[in-house]
There are 2 protein chains.
Amino acid sequence: MAAMKFSRQRESIKEFLRGRTDHPTADTVYENVKLIYPKISLGTVYRNLSLLSDIGEIQKLASFGGSDRFDARIDPHCHFMCTRCGRVLDMDEEHFDKLMAEAAIHFTGGEITHYNASFYGICKDCKGKE
Amino acid sequence: MAAMKFSRQRESIKEFLRGRTDHPTADTVYENVKLIYPKISLGTVYRNLSLLSDIGEIQKLASFGGSDRFDARIDPHCHFMCTRCGRVLDMDEEHFDKLMAEAAIHFTGGEITHYNASFYGICKDCKGKE
DNA sequence: TTAAATGCAAACTGTTTGCAAGTGC
DNA sequence: GCACTTGCAAACAGTTTGCATTTAA
């Protein structure tokens, strides 16, 4: 039962994630934390990201193709990915979450513990540039 | 504009997928089609799976961690993955799809073209074995 | 003092790709 | 015959891991 120790690197990773809402990849986290701890290694970033998501301090998003993305928001919420610019936006309307929660209640094939809903399309910004 | 030609291998891949509802991975497809075409290569399987999903004949599911999975069902429907046995089940209740479609309509951040909803938990079978 | 965390590099998994040979039309 | 497809192997991206060293407690 590993007792977790403080680490500046981990703290820095958390802080960086808290300051972003654009769901950075492990590599982006690495590039940015490196500005503060130039010797940090990608392995450390991965280890901490997965540790933090295991203990529920951050969320790991795996459904956007390519790399996993990470989110400091841990309350259930849906995501929207723009298939043109690749950005991943939070979908704040609690509307969706009610729907998802309701869906979970009605399912008869097992006991649902969590869900993950991703929507894809063209975001407003890209739409505007057409 | 590549004109698609017939290929036994591709046909066999499609047929195999049509006969399964458990969302096999590329590797499972490979292992099974190999029983019929022993010389087929994994590269060919990947090429065809991605071709077929590009033209919309099959669906690629990317949100279950590890490998991508493939589904001959192309109508929108949600999935449930058992976190104990790893199985991925279809969620047939059209209820969910109405909900998701409705959710899509209400989103204001862009134009949604498709979505992907995955639910996770313990399936009936695993629950029964506890 | 010692268990946890790090940096580094090598290993690993899943997927894609270049190329020469094969095949459908 | 020409373009599409294949098999093979090498390359690739993202992630994980082993190990000697450093660091928090």
Side-chain angles (χ1 to χ4, degrees), chain A residues 1-17 22-55 57-71 81 86 88 118, chain B residues 1-17 22-55 57-71 81 86 88 118:
Chain A
M1 214 108 314
M4 187 162 69
K5 278 183 190 171
F6 174 87
S7 114
R8 324 164 157 276
Q9 291 91 333
R10 180 157 54 232
E11 223 43 42
S12 185
I13 288 169
K14 278 160 69 174
E15 198 190 320
F16 171 70
L17 271 182
D22 66 340
H23 317 85
T25 61
D27 202 67
T28 304
V29 174
Y30 171 62
E31 289 302 337
N32 281 276
V33 174
K34 199 158 59 164
L35 301 175
I36 300 166
Y37 296 106
K39 290 185 132 187
I40 197 171
S41 79
L42 195 49
T44 296
V45 171
Y46 272 105
R47 263 186 295 237
N48 278 304
L49 287 172
S50 94
L51 189 158
L52 289 169
S53 94
D54 284 350
I55 64 175
E57 286 209 36
I58 63 172
Q59 208 182 349
K60 181 181 187 170
L61 311 176
S63 23
F64 299 106
S67 331
D68 290 345
R69 288 159 173 269
F70 298 87
D71 194 343
M81 180 187 220
V88 175
S118 310
Chain B
M1 214 111 313
M4 188 161 68
K5 278 182 191 174
F6 174 87
S7 112
R8 324 164 157 279
Q9 291 91 333
R10 186 183 310 128
E11 222 44 41
S12 186
I13 288 169
K14 276 161 69 174
E15 198 189 320
F16 170 70
L17 272 182
D22 66 339
H23 318 84
T25 61
D27 202 67
T28 304
V29 174
Y30 171 62
E31 289 302 338
N32 281 276
V33 174
K34 199 157 60 165
L35 302 174
I36 301 165
Y37 296 105
K39 291 186 133 188
I40 197 171
S41 78
L42 195 47
T44 297
V45 171
Y46 272 106
R47 262 186 296 237
N48 279 304
L49 287 172
S50 92
L51 189 158
L52 289 169
S53 93
D54 283 349
I55 63 175
E57 288 209 35
I58 64 172
Q59 209 182 348
K60 181 181 188 171
L61 310 176
S63 21
F64 299 106
S67 330
D68 290 344
R69 288 159 173 270
F70 299 87
D71 193 345
M81 180 186 220
V88 175
S118 310

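To find a chain, count down the sequence lines: A is the first, B the second, and so on, and within it residues start at 1. Remember, predicted model here, so these are calculated numbers, not experimental data.
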(message) Regarding E11(B) and K14(B), does a basic nitrogen lie under 4.0 Å from an acidic carboxylate oxygen?
(response) yes
If you compare every side-chain N and O of [X] against the phosphate oxygens of [N] (OP1, OP2), does one of them come in below 4.0 Å?
| X | N | result |
| --- | --- | --- |
| S67(B) | dG14(C) | yes |
| R8(B) | dG24(C) | yes |
| R10(A) | dA5(C) | yes |
| T44(B) | dG7(D) | yes |
| S7(A) | dT6(C) | yes |

Length of the line joining [X]:[atom1] and [N]:[atom2], which is rounded to integer Å:
| X | N | atom1 | atom2 | result |
| --- | --- | --- | --- | --- |
| Y46(A) | dG14(D) | OH | P | 7 Å |
| F6(A) | dT2(C) | CZ | C1' | 19 Å |
| K5(A) | dT21(D) | NZ | C1' | 13 Å |
| L42(A) | dA5(C) | CG | P | 18 Å |
| Y30(B) | dA9(D) | OH | C1' | 12 Å |
| K60(B) | dG14(C) | NZ | P | 14 Å |
| K39(B) | dG22(C) | NZ | P | 9 Å |
| E11(B) | dG24(C) | CD | C1' | 13 Å |

(message) Given the structure, check if the side chain of R47(B) and the base of dG7(D) hold any donor-acceptor pair shorter than 3.5 Å.
(response) yes
(message) So which atom in D22(B) and which in R69(B) form the shortest heavy-atom distance, rounded to 0.1 Å?
(response) O-NH1, 3.7 Å
(message) Side chain of A26(A) only, heavy atoms from C-beta on: which candidate in dC4(D), dA25(D), dT15(D) is closest?
(response) dT15(D)
(message) At 4.0 Å (heavy atoms only), tell me whether D27(A) reaches a base, stays on the sugar-phosphate, or touches nothing.
(response) nothing
(request) Identify the residue among I40(A), L42(A), I13(A) that makes a side chain to side chain contact (heavy atoms under 4.5 Å, CB included) with V29(A). (result) I13(A)
(message) Tell me whether E15(B) at atom CD has more than 12 heavy atoms from other residues, nucleotides or ligands lying less than 6.0 Å away.
(response) no
(request) Using the closest heavy atom to pick a nucleotide of DNA chain C for each, name whichever of G66(B) or Q9(A) lands nearer the 5' end. (result) Q9(A)
(message) Is there a side-chain contact between K34(B) and K39(B) in this structure, where contact means two heavy atoms from C-beta onward sitting under 4.5 Å apart?
(response) no
